[in-house]
Structure formats: structure tokens, C-alpha cells
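Counting convention: from 1, in listed order, for ligands and their atoms alike.
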Amino acid sequence: MDIFDVFSARHSIRAFTDQPVTEEAMRKIFETLNRAPSAGNLQAFDIYQVTKAEHKEALMRASYDQGFLVQAPVVLVFCATSARSAVRYNERGETLYCIQDATIACTYAMLAATALGLGCVWVGAFDEEAVHQVIGAEPGQRPVAMLPIGYPNETPRIRPRRALEEIVHQVG
Ligand SMILES: Cc1cc2nc3c(=O)[nH]c(=O)nc-3n(C[C@H](O)[C@H](O)[C@H](O)COP(=O)(O)O)c2cc1C
């Protein structure tokens with residue numbers, strides 16, 4: 001797929017088949033997200049891969065019962081690791097860059113998954129403390145996004161977008 005076809009093909013998928021995601025596909029997703037830009041190339045994020053049913057169930061409970069988290073064969077949890085960025089960028093690194101680093105990586109992962117014929121959805125609604133505990137994250141690693149990944153078992157609803165004229169502002 002051409003990259004613009006990938007952008008067009010990506011829609012949130014919230015139903016997954018039982019088909020497992022191969023290690024090779026996951027490797028491709030990890031290699032792709034590892035190409036993402038980050039502030040000072042510090043890559044101030046860590047990722048936890050969740051595949052066990054008991055852990056996925058706990059993630060579902062931590063995200064207000066979003067059931068598709070259990071259905072997906074793999075859930076990635078993206079954590080912002082503030083200390084990595086704060087070393088060079090102080091408060092801006094600690095409060096902003098690390099979150100941007102983690103979420104750009106998550107975006108790359110979404111697009112890589114789409115290019116591989118997989119489906120996923122960004123999950124942002126969850127209890128951070130509960131997710132932190134489920135994945136056994138280290139202190140200072142803040143869960144900022146979860147990405148359930150699997151083969152789509154639904155035709156996605158195509159969501160409308162704001163008009164470009166409303167979004168893009170010409171200066172001067
Ligand atoms: C920051 C963020 C948080 C989101 N949180 C959730 C979520 O908790 N649960 C969910 O089902 N979708 C969530 N989404 C997915 C959005 O609902 C979805 O991207 C949006 O409706 C546009 O649809 P599309 O992804 O199919 O283009 C989130 C997306 C973003 C970017």
C-alpha cells in the first residue's frame with residue numbers, strides 16, 4: 001500500500017477476529033514505531049505488550065469496560081517516560097515532549113498495523129494508576145495510550161472530519 005492509501009484505510013476498529021497476530025507482524029510494527037521522531041531523539045517512552053487474557057481483562061476494567069481490549073490478540077500500552085526527556089529539556093521535556101514522543105510512536109504503530117492489514121483503535125479513556133499497576137510499569141512511566149491490535153471483524157464506521165477551511169488558518 002502506498003502511504004496515502006494507508007492513511008485512507010485507517011479507521012478505528014473495535015471488533016477483532018480470533019486470528020493471532022504473528023511475531024513477524026509485531027516486529028514490523030515495533031521497527032516502524034522505532035523510526036518515529038522524538039525530542040532530541042531521546043525516545044522518552046516505553047511500551048508494554050499485553051497478550052495474556054487475565055491482563056487484558058484487567059486493562060478492560062481499567063478502561064471502563066471497553067470490551068474490545070479483551071478481544072484483541074495484542075494490546076500495546078504506550079507510556080511517557082518523563083525522566084528521559086527531563087534530563088535535557090527540564091519541565092518542557094517532563095510535561096510535554098515525553099507525551100508527544102509516546103503518542104507519535106503510537107501513531108506510527110497504528111499506521112504500520114493498518115499497512116499490514118490489521119485493525120486497531122487508540123484508547124485514551126482509562127484509569128492511569130490501574131493500567132500502570134496491571135502492566136507493572138516502573139515509577140515515572142505514565143500510560144498515555146493503549147492500542148488493541150488484531151484482524152478486523154467489523155466494517156468500520158467512517159467518521160466525518162472538520163472542513164480544512166475551519167482547521168487551517170492562514171497567517172498574514
Ligand atoms: C486521544 C484519543 C483518545 C481516544 N480514546 C478512545 C477510547 O478510549 N475508546 C475508543 O473506543 N476510541 C477512542 N479513540 C478513537 C476515536 O474515537 C477515533 O479516532 C475518532 O472517533 C475518529 O475515528 P477514526 O479513528 O475511525 O478515524 C481515541 C482517539 C484518540 C486520538
Report task. For Arg10 and ligand 1, answer yes if some heavy atom of the residue is under 4.0 Å from a ligand atom, otherwise no. Result -> yes
Report task. Check if Phe126 has a non-hydrogen atom at a distance under 4.0 Å from any atom of ligand 1. Result -> no
Tell me yes or no: between the side chains of [X] and [Y], is some donor less than 3.5 Å from an acceptor?
X	Y	value
Thr81	Asp46	yes
Gln71	Asp18	no
Tyr48	Gln141	yes
Tyr108	Arg35	no

Query raised in the report: At under 4.0 Å between heavy atoms, which part of Arg161 makes contact with ligand 1: side chain, backbone, both or neither?
Result: side chain
Query raised in the report: Using heavy atoms and a threshold below 4.0 Å, how should the contact between Val121 and ligand 1 be classified: side chain, backbone, both, or neither?
Result: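 Just the side chain.
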Query - Pairing of Glu128 and Arg142 as salt bridge, 4.0 angstrom limit - result: yes
Query raised in the report: Which option out of Arg14, Met110, Arg159 puts a heavy atom nearest to atom 23 (O) of ligand 1?
Result: Arg159
For ligand 1, which atoms sit closer than 4.0 Å to a heavy atom of [X]?
X	answer
Ala125	8 (O)
His11	26 (O)
Gln66	7 (C), 8 (O), 9 (N), 10 (C), 11 (O)

Could you check [atom] against the protein and tell me its nearest heavy-atom contact, residue, atom and distance included?
atom	answer
atom 19 (O) of ligand 1	Ser12 OG, 3.4 Å
atom 3 (C) of ligand 1	Trp122 CD1, 3.5 Å
atom 5 (N) of ligand 1	Gly124 N, 3.0 Å

Query raised in the report: For Lys52, does its backbone N or O pair with a side-chain atom of Glu57 as donor and acceptor, under 3.5 Å?
Result: no
Requested in this report: Keeping the roles fixed (side chain from Gln43, backbone from Asp101), state whether a donor-acceptor pair exists under 3.5 Å.
Outcome: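 Answer holds: no.
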Query raised in the report: Got a sec: does the CD of Gln49 have more than 12 other heavy atoms crowding it under 6.0 Å?
Result: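 Yes.
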